[in-house]
Colleague: 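Let me begin by handing over the structure; questions about it come next.
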Amino acid sequence: ILQEKKLCEACVFQIYSEPFYSCEQCDFILHQRCANLSRKKRHVCHNQPFMLHTTSGAQKSRCALCDKKFTGFMYKSANHKILDVRCGSISEPFEHESHPHPLYYSEETYKHCSAHGGGLNMNIGMFTCDECDYSLDFECALLPKMVMNHRYDDHPLFLSYGDLYVKGKYWCEACETKVNPRKWFYTCFDCGVVLHVSCLVGDFSYIMPLRVGSITRSNKEV
Ligand SMILES: [Zn+2]
Ligand SMILES: [Zn+2]
Ligand SMILES: [Zn+2]
Ligand SMILES: [Zn+2]
Ligand SMILES: [Zn+2]
Ligand SMILES: [Zn+2]
């Protein structure tokens, strides 16, 4: 069943068709990939060891890389740098299904992001291809491949990497302005709904909504 509100305790993102683990006694639930996150890792952007902390609860932290507030699991370094699990689990080469070649982290920030077509949203470098002129900033590189949002559609909305051969015009279901079909957007394969990336996930938060008892549920064993 596809639900909008079934959130993984680690990455605080929707759980849909991928494999997951859940607790039979409570509503603790994890993506399989989040349950298997490496405990310790050296990060491509901050060359120091990070340890995985599996505390979940209501306390918000700010990610040192994407600058977003989040709850859920985190990677922490000895000098207290904090990364969310999306940013923390990035490694090189970075494979992205939008591009056939592996991408590598680069501190260059003068390049344009091939996904949204503009300059960098954040000044933290980007992922670039060694073989051709292709770069992704962090924001676009980490966009979810699929999002459920019943406000716009009852079907899953998939990230589309743009189509150079589209002749017609696309209109965003949310803001009712044009969508550039050559750039990335979200779409439904069943009914053709199209949404700007920013309209669908622009104010997306990775914060667990408050539930009764959620504050006391910290330090869960996984
Ligand atoms: Zn997860
Ligand atoms: Zn982050
Ligand atoms: Zn390439
Ligand atoms: Zn971008
Ligand atoms: Zn829009
Ligand atoms: Zn649909």
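We count ligands from 1, going down the list as the structure has it; atoms in each ligand are counted the same way. Here, residue 1 is the first one in the sequence, and each next residue gets the next number.
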Colleague: Just to the nearest 10 degrees, tell me the angle at the Zn ion (ligand 2) spanned by Cys63 SG and Cys87 SG.
Modeller: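 That angle works out to 120° after rounding to 10°.
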Colleague: For the pair Phe127 and Phe138, name the ring-plane relationship: parallel under 30°, tilted 30 to 60°, perpendicular over 60°.
Modeller: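 Tilted.
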Colleague: If you leave out waters, which protein N, O or S atoms are less than 2.8 Å from the Zn ion (ligand 5)?
Modeller: Cys172 SG, Cys175 SG, His196 ND1, Cys199 SG
Colleague: Applying the side-chain contact (heavy atoms from CB on, under 4.5 Å) criterion to Cys8, which one of Val85, Ile29, Leu30 satisfies it?
Modeller: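 When side-chain contact (heavy atoms from CB on, under 4.5 Å) is applied between Cys8 and each of Val85, Ile29, Leu30, only Leu30 qualifies.
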Colleague: Which atom name does His31 have for its N/O/S atom nearest to the Zn ion (ligand 1)?
Modeller: ND1
Colleague: Would Phe94 end up clustered with Trp184 when hydrophobic side chains under 4.5 Å apart are linked, directly or stepwise?
Modeller: yes
Colleague: Scan side-chain atoms only and decide if Ser98 and His96 contain a donor-acceptor pair under the 3.5 Å cut-off.
Modeller: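 His96 and Ser98 do have a side-chain donor-acceptor pair below 3.5 Å.
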Colleague: Which class fits the ring pair Tyr16 and Phe13: parallel under 30°, tilted 30 to 60°, perpendicular over 60°?
Modeller: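 The arrangement is perpendicular - the two ring planes meet at more than 60°.
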Colleague: Just verifying a value: how many Å separate Ser89 OG and His43 NE2, rounded to the nearest 0.5 Å?
Modeller: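 Atom-to-atom, Ser89:OG and His43:NE2 are 7.5 Å apart.
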Colleague: I'd like to know if the Zn ion (ligand 2) has an N/O/S atom from Asp84 within less than 2.8 Å of it, counting both backbone and side-chain atoms.
Modeller: yes
Colleague: Check Leu83 against Cys63 and note the closest heavy-atom contact, atom names and distance.
Modeller: CA-SG, 3.9 Å
Colleague: Calculate the angle formed at the Zn ion (ligand 1) by SG in Cys8 and SG in Cys11; 10° precision is enough.
Modeller: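 Nearest ten degrees: 110°.
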